Amino acid sequence: MRVTKLARRAVARPAASSRDGRGRAGTRLEEERRGYWLAVLVLLVGLACTAHSVARPADLPSRDEVVAAMRKAVDFFTNEVTMQGAYHFTYTSDLSYGRSEGADTRTRIEVQRQGTPVVTLAFLSAYDATGESVFREAARESAHAYVQGQYCSGGWGYAIEFDPEMRKQYPYRADGACDSNEAWAVTARRDHVTTLDDNVTQAGIRVLMRVDRALSFKDEAIHEAVRYALDSLIKAQYANGAWPQRYHDVPDPSQHPVKRASYPDSWERDWPGDDYQGHYTFNDNSIVDMIDVMLEAARIYNEPRYRASAERGGRFILSAQMPDPQPGWAQQYDRDMHPAWARRFEPPSITGGESQGAMRALLMLYRETGERKYLEPLPRALAYYKASALPPTDAPSEIRQRACPDGTKYCLARFYELRTNKPLYITKGTRVTIAGRSTELIDGYELRYGDESVITHYGVLTRGDDLDEIEAEYKELLHADPATIRRPDTLSGLSPWSRGAASTVSTTTAELGPQVRDIIESMDERGAWVEEGQIGRANRVVSVLAATDMVLTLGDQILPVRENETLTLYEGGEPPKEEIIRSETFARNIETMSRYLTMLE
C-alpha cells in the first residue's frame with residue numbers, strides 16, 4: 001500500500017542536532033521533528049485503512065448474496081406458507097400442519113404477535129433495506145388479510161377465518177356484517193369482540209399504519225381500515241382514559257365515573273367467575289400498547305386527536321397508581337377503581353409484572369409531552385417494588401428456578417396481596433381438553449402464599465430487570481432538555497415503548513456478517529429455516545396436562561406420566577412430525593439481514 005511505504009520511509013526518527021540556539025540549525029531541528037510526527041500520522045492513517053480492510057474479509061456476505069437469500073425466503077413464505085397473507089406461529093416442515101396458540105386449521109389463522117404481525121414487519125424491514133417492491137407487496141398482502149378480518153367494532157379477535165362458509169359466523173366488515181339486521185349478523189357482532197389482550201388489535205393497527213405509510217397512503221382499503229380502527233378505539237376509550245380488555249360496543253360514560261384507585265374494604269378469595277372483559281386492563285400491557293399506538297398514529301397521520309387519546313390514557317395511569325402502602329398498579333380495575341379478579345389465576349392484587357410496563361409508559365409520555373407530571377409517580381413506585389423483591393433462598397422452588405435464575409437482582413411476585421403485600425400464588429391443576437369442547441379443570445387453581453406446586457403456564461413470578469433501567473432513565477430525564485428527548489419519528493417493533501432508552505442495537509458488519517452467513521447457509525433449498533421441534537398434528541382427540549405424577553394404562557402396559565407433562569391422543573396412526581418452521585425465526589432472520597444491508601450502506 002503506497003501510503004504505508006511512504007510512512008515507513010519517513011518513520012526513522014531524526015538524530016538530535018549538535019548545535020543549540022535559535023539559528024538555522026535550530027530551525028532545521030524543528031522542521032525535522034515536524035516531519036517525524038507527520039510521518040507517524042501518515043503511518044497511523046495507513047494502518048487504520050489496513051485495519052478497515054481486515055474488518056471486511058472476503059467471506060462476509062455481499063449485498064447481492066443477502067438480497068438473493070431474502071428474496072428466496074420471502075418467496076417461500078408468500079407462495080407456500082401463507083393463507084391469503086396470514087401466518088400461523090409454527091408449521092411442520094412439510095407444511096402439512098400449522099398451528100398458533102388456539103387455532104390449528106388451514107383456514108383459521110391467529111394474528112397474535114408470533115405469527116402474522118412479526119412476519120409483516122419483517123417484510124417492511126426488507127423493503128426499507130432494499131427498496132425492492134416484492135417485499136412491499138408481501139406486506140400489502142398481509143395488510144389485506146387484516147382488512148378481511150376486521151370486526152364491525154373496529155378491531156380484531158385472536159384469529160381470522162378465511163373459509164367462505166365459516167366466515168358467516170363472524171362480524172367481518174368486509175362481508176357486510178355491520179349494516180345487516182339479520183339474526184346471524186346481530187349474533188356475530190355480540191359474540192365476536194375486539195380484543196386488546198395480548199397486543200392483538202394494537203399490533204394489527206401498527207401493521208396497517210406502517211404498510212399504509214409504505215404505500216404512500218394510496219391503498220384505499222388499507223387506509224380506510226386503519227382509520228376506522230383508530231376512530232373505533234377512541235370511541236371505546238372510557239372517560240377516565242382507560243380501555244377495556246375486550247369490547248363490542250361503545251361504553252356508556254355514566255357507568256364509568258372518573259375516580260382514583262383505592263383498596264376495597266374486602267375481596268373474595270375464591271374466583272367469582274364474573275365477566276371481566278370491561279375492566280380497565282393493564283394485563284399484558286394492554287393499555288400501555290394502546291397509548292403507544294395512538295402516539296404512533298399521531299406521528300403518521302398528523303392527527304391531534306390521536307395524541308389527545310394517548311394523553312387521556314396517560315392520565316389514567318396516574319390515577320390508577322395505588323395509594324400507600326403499595327404505590328404500584330393492579331392488573332385490572334373495576335368501575336370503582338378497585339383491583340379486581342379477571343381469570344381464575346388473576347386475583348385482585350398489586351402486580352410486579354405489568355407495573356413495569358406502566359412505569360415505562362410514563363417515561364415514554366414524558367419524552368413525548370415534556371409534562372413532568374408523568375415523572376412524579378416513579379420514585380415512590382420504584383422504591384416500593386425494590387423493597388418488595390423476594391429475599392434470596394438457598395432452596396428455590398421449581399418456579400423460582402425457572403423465573404428467577406441465579407444472578408437475578410430483583411425477583412418479584414406477579415401478585416402481591418392487597419395491603420399485606422404478601423406474594424400470592426396459584427396452585428397447579430390438571431387440565432383436560434377434549435376436541436370440540438372447552439378445557440376442563442379437574443383440580444387446583446387455588447390461592448396460596450407458598451410457591452410450591454404452582455401453575456407454570458402463567459408467570460406467577462417475574463424478574464424486575466427493568467427497575468434499575470427505569471430508575472436510570474428517570475434520573476437522566478429529570479435533567480435533560482425536553483426538546484432533545486423525543487423518540488424517533490419512525491418507530492419499530494410491536495411494542496416500541498418496551499425498549500426504553502436503549503432503542504437501537506449497535507454492532508458492526510464484522511460482528512453481524514458471520515451471523516448473516518450462518519443464516520444464509522442454514523436455509524434449505526426451498527428458502528425455509530427448519531428446526532427441530534414438535535407441534536403435534538391435526539385430529540387431536542384429547543390432551544391432559546398432569547399437575548402431579550400420574551400413571552397411564554394402555555392395554556396391559558402401565559406408563560408413567562410425570563408432573564407438568566402433557567399426554568395427547570390423536571386419530572390415525574401417523575406420528576407427529578419432528579421438524580418445524582417458525583414464523584418468528586423467519587422474521588428474526590429477515591430483520592437481521594435487513595439490518596446488515598443497512599449497515600453496508
Side-chain angles (χ1 to χ4, degrees), residues 245 259-274 276 279-287 317 319-359 377 380-393 395-400 402-404 408-429 441 443-464 466-467:
Q245 187 192 56
K259 296 182 177 182
R260 292 196 64 83
S262 62
Y263 299 95
D265 293 333
S266 62
W267 57 279
E268 295 183 68
R269 300 287 162 151
D270 295 324
W271 181 60
D274 295 338
Y276 57 86
H279 286 346
Y280 314 140
T281 304
F282 282 114
N283 192 12
D284 291 325
N285 298 303
S286 295
I287 287 175
I317 297 179
S319 64
Q321 185 178 27
M322 296 295 290
D324 288 337
Q326 296 170 290
W329 288 265
Q331 275 194 333
Q332 52 275 324
Y333 301 78
D334 61 23
R335 65 184 60 186
D336 292 319
M337 283 296 282
H338 295 153
W341 276 100
R343 291 173 289 187
R344 64 173 62 240
F345 46 84
E346 294 167 332
S349 59
I350 309 303
T351 178
E354 285 81 357
S355 290
Q356 296 179 65
M359 288 187 279
R380 287 187 300 128
L382 286 165
Y384 161 68
Y385 282 111
K386 288 185 177 184
S388 298
L390 304 184
T393 176
S397 64
E398 172 197 22
I399 196 65
R400 180 78 175 262
R402 287 189 186 188
C404 302
T408 300
K409 186 174 182 181
Y410 304 110
C411 185
L412 301 175
R414 184 74 170 271
F415 309 118
Y416 288 96
E417 188 176 43
L418 300 177
R419 289 196 172 93
T420 71
N421 212 47
K422 293 179 181 178
L424 293 173
Y425 302 95
I426 314 296
T427 60
K428 287 179 185 174
L441 299 173
D443 52 24
Y445 286 80
E446 297 176 350
L447 278 178
R448 65 162 52 171
Y449 292 123
D451 65 354
E452 295 294 336
S453 190
V454 299
I455 57 175
T456 56
H457 67 87
Y458 186 90
V460 293
L461 290 175
T462 185
R463 297 172 63 167
D466 284 0
L467 295 179

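In this text the structure is predicted, and so the values were computed from the model without any measurement.
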Problem set entry | R400 side chain near C411 side chain, heavy-atom distance below 4.5 Å | yes
Exercise. Is there side-chain contact between P339 and L418, with heavy atoms separated by less than 4.5 Å?
Worked result: yes
Seminar exercise, completed: Shortest non-hydrogen pair, A403 vs L461, comes out as CB-CB, 3.8 Å
For this session: Considering non-hydrogen atoms only, spot the tightest contact between M337 and R260 and give its length.
Result: CB-O, 3.5 Å
Problem set entry | NE2-CD distance between H279 and Q245, expressed to the nearest 0.5 angstrom | 9.5 Å
Problem set entry | Contact check, side chains of L467 and M359, non-hydrogen atoms, under 4.5 Å | yes
Problem set entry | Student check: side-chain heavy atoms of L412 and R463 closer than 4.5 Å | no
Problem set entry | Distance (rounded to the nearest 0.5 Å) between W329 CH2 and Q356 CD | 11.0 Å
Exercise. If we only count heavy atoms from C-beta on, is the D466 to Y410 side-chain gap below 4.5 Å?
Worked result: no
Exercise. Can you tell me how far the OH atom of Y445 sits from the CG atom of D270, to the nearest 0.5 Å?
Worked result: 16.0 Å
Exercise. Of all heavy-atom pairs between T456 and I399, which one has the smallest distance, and what is that distance?
Worked result: CG2-CD1, 4.2 Å
Exercise. If only atom types and distance count, is the side chain of T427 paired as donor or acceptor with the main-chain N or O of E446 below 3.5 Å?
Worked result: yes
Exercise. Is there a side-chain contact (heavy atoms from CB on, under 4.5 Å) between I426 and R343 once you walk through the steps?
Worked result: CA-CA 11 Å; I426 314 296; R343 291 173 289 187; over 6 Å; no
Exercise. Hey, does R419 have a side-chain heavy atom less than 4.5 Å from the side chain of Y263?
Worked result: yes
Problem set entry | Closest non-hydrogen atom pair between S286 and T281, with its separation | CB-O, 3.6 Å
Exercise. When you measure from the side chain of T393 to the backbone N and O of A395, does any donor-acceptor pair fall under 3.5 Å?
Worked result: yes
Problem set entry | Minimum-distance pair of heavy atoms, taken over all atoms of A261 and M322 | CB-SD, 3.6 Å
For this session: Kindly compute the distance separating CG (L424) from CZ (R269), expressed to the nearest 0.5 Å.
Result: 7.0 Å
Seminar exercise, completed: Rounded to the nearest 0.5 Å, the CG atom of N283 sits from the CD atom of Q332 at a distance of 5.5 Å
For this session: Apply ring pair (Phe, Tyr, Trp, His ring centres under 6.0 Å) to F345 and list each qualifying residue two or more places apart in sequence or on a separate chain.
Result: H457, Y458
For this session: Using atom types as modelled and distance alone, determine if a side-chain donor or acceptor of Q326 lies under 3.5 Å from a backbone N or O of Y384.
Result: no
Exercise. Between E354 and R414, is a salt bridge (charged side-chain N to carboxylate O under 4.0 Å, His left out) present by the stated rule, with each step listed?
Worked result: CA-CA 8 Å; E354 285 81 357; R414 184 74 170 271; 2.8 Å; yes
Seminar exercise, completed: Rounded to the nearest 0.5 angstrom, the CG-NZ distance for D443 and K428 is 11.5 Å
For this session: For W271, check side-chain contact (heavy atoms from CB on, under 4.5 Å) against everything at least two apart and list the hits.
Result: W341, R344
Exercise. Any side-chain heavy atom of V460 sitting closer than 4.5 Å to one from D451?
Worked result: no
Problem set entry | Chi angles and distances behind the side-chain contact (heavy atoms from CB on, under 4.5 Å) call for H338, S262 | CA-CA 6 Å; H338 295 153; S262 62; 3.2 Å; yes
Exercise. Taking C-beta and beyond as the side chain, do F415 and P423 meet within less than 4.5 Å on heavy atoms?
Worked result: no
Exercise. Does a side chain donor of either S355 or Y385 reach within less than 3.5 Å of an acceptor in the other side chain?
Worked result: yes
Problem set entry | R335: salt bridge (charged side-chain N to carboxylate O under 4.0 Å, His left out) partners, not counting sequence neighbours | none
For this session: State, to 0.1 Å, how close W267 and P347 come at their nearest heavy-atom pair, and which atoms those are.
Result: CZ3-CB, 4.5 Å
